[in-house]
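Lettering follows sequence order; numbering is per chain, from 1.
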Amino acid sequence: MRLATWNVNSLKARLERVEEWLGYARPDVVCLQETKMADGAFPAALFSSLGYESVHHGNGRWNGVAILSRVGLEGAVAGFADGVEPDVDTRLVTACCGGMTVSSVYVPNGRSLDDDHYRYKLDWLSRLRHHLDLVASADGPTAVCGDFNIAPEDRDVWDPTAFVGSTHVSRPEREALAELGAWGLVDAFRYCYPDQDRLYSYWDYRSGDFHSHRGMRIDLLMVSRVLAGRVRWAVVDRNARKGKQPSDHAPVLVDLDS
DNA sequence: ATGGTAGAGCATCTA
């Protein structure tokens with residue numbers, strides 16, 4: 001079972017590359033973020049022709065998440081399952097794929113520590129944990145994959161001193177991520193590479209950050225213990241960050257024993 | 001001190 005996550009930064013701009021990538025990476029389940037697309041524009045028929053069932057949750061302007069699966073896809077839930085308010089921000093979609101409960105998440109960026117959006121980020125993460133209580137079991141096969149906009153540790157950013165006082169590394173958001181760990185989720189990529197550093201998934205478009213390897217590891221596959229026990233291999237597909245019109249994020253893939 | 005780039009869409013907003 002090959003599970004993947006990729007923030008594509010506009011599915012319309014990236015469609016050819018996504019199609020090419022599906023062809024060589026051959027993932028079974030894919031979580032996409034930042035499709036920046038309305039549901040009506042989502043190319044479900046194209047993905048179907050490539051063998052993937054899909055669900056998309058998007059508002060057309062910003063954000064937008066999707067799940068593709070070639071091992072079945074049912075019981076899709078757009079947004080939070082608590083039903084408190086509609087998820088107009090379209091940052092979360094959940095479905096059952098190949099016996100797993102899979103969520104594609106695009107965690108709010110936070111912008112800066114003194115911005116209202118940062119409080120929103122922390123609240124959103126808290127709400128995500130409640131969502132998991134409603135749709136999934138920590139003891140079952142659960143995967144929450146996406147752009148968390150959090151670097152779990154200092155070694156997950158290219159230069160910790162450059163991030164002092166910034167979002168993505170602050171203690172409260174790392175604690176919110178740790179709460180998901182306490183719920184029962186394991187960072188599958190780090191589980192696979194406990195001792196290797198300089199493994200990033202995102203590089204800013206600006207200032208040649210990719211070529212200087214000034215990156216961050218913020219795209220995570222958080223999996224329940226039963227799935228972590230099946231992790232065989234993981235990789236960041238840096239080739240997908242190269243060449244013509246790349247996303248600013250690379251896909252991250254994890255292989256599970258079936 | 002601020003910009004650097006990319007994608008939305010047409011003035012900025014978001015990242």
Decide whether [X] and [Y] meet the rule of one side-chain donor and one side-chain acceptor closer than 3.5 Å.
X	Y	value
A/Asp87	A/His57	yes
A/Tyr200	A/Asp209	no
A/His131	A/Thr94	yes
A/Glu34	A/Ser10	no

Which part of the nucleic acid, if any, lies within contact of [X], taking any heavy atom under 4.0 Å across all strands shown: a base, the sugar-phosphate backbone alone, or nothing?
X	answer
A/Tyr106	sugar-phosphate
A/Arg91	sugar-phosphate
A/Arg14	sugar-phosphate

Value in whole Å for how far the [atom2] atom of [N] lies from [atom1] of [X]:
X	N	atom1	atom2	answer
A/Asp204	B/dG7	CG	P	13 Å
A/His117	B/dA15	NE2	C1'	10 Å
A/His249	B/dA6	NE2	P	14 Å
A/Asp209	B/dG3	CG	P	16 Å
A/Asp147	B/dA15	CG	P	10 Å
A/Arg17	B/dA6	CZ	C1'	14 Å
A/Asn59	B/dT14	CG	C1'	12 Å
A/Asp89	B/dT14	CG	C1'	12 Å

Looking at A/Glu173 and A/Lys121, does any basic side-chain N land under 4.0 Å from a carboxylate oxygen?
-> yes

Nearest-nucleotide wise, let me know which of A/Ser207 and A/Gly110 is further upstream toward the 5' end of DNA chain B.
-> A/Ser207

Residue pair A/Gln245/A/Asn149 against DNA chain B: nearer the 5' end by closest nucleotide is A/Gln245

All N/O pairs under 3.5 Å across the protein-nucleotides 8-13 of chain B interface:
from  : atom 1 : to      : atom 2 : distance (Å)
B/dA8 : OP1    : A/Ser10 : OG     : 2.3

Shortest non-hydrogen contact between A/Arg190 and A/Asp156, atoms and distance | NH2-OD1, 2.7 Å

Take atom [atom1] in [N] and the same atom in [M], then report the distance between them in whole Å.
N	M	atom1	result
B/dT14	B/dG9	C1'	12 Å
B/dA15	B/dG3	C1'	15 Å
B/dG7	B/dA11	C1'	15 Å

Establish, with yes or no, whether the OP1 or OP2 oxygen of B/dA15 is under 4.0 angstrom from a side-chain nitrogen or oxygen of A/Arg206.
-> no

Close aromatic pair by centroid cut-off 6.0 Å: A/Trp158 and A/Trp203 | no

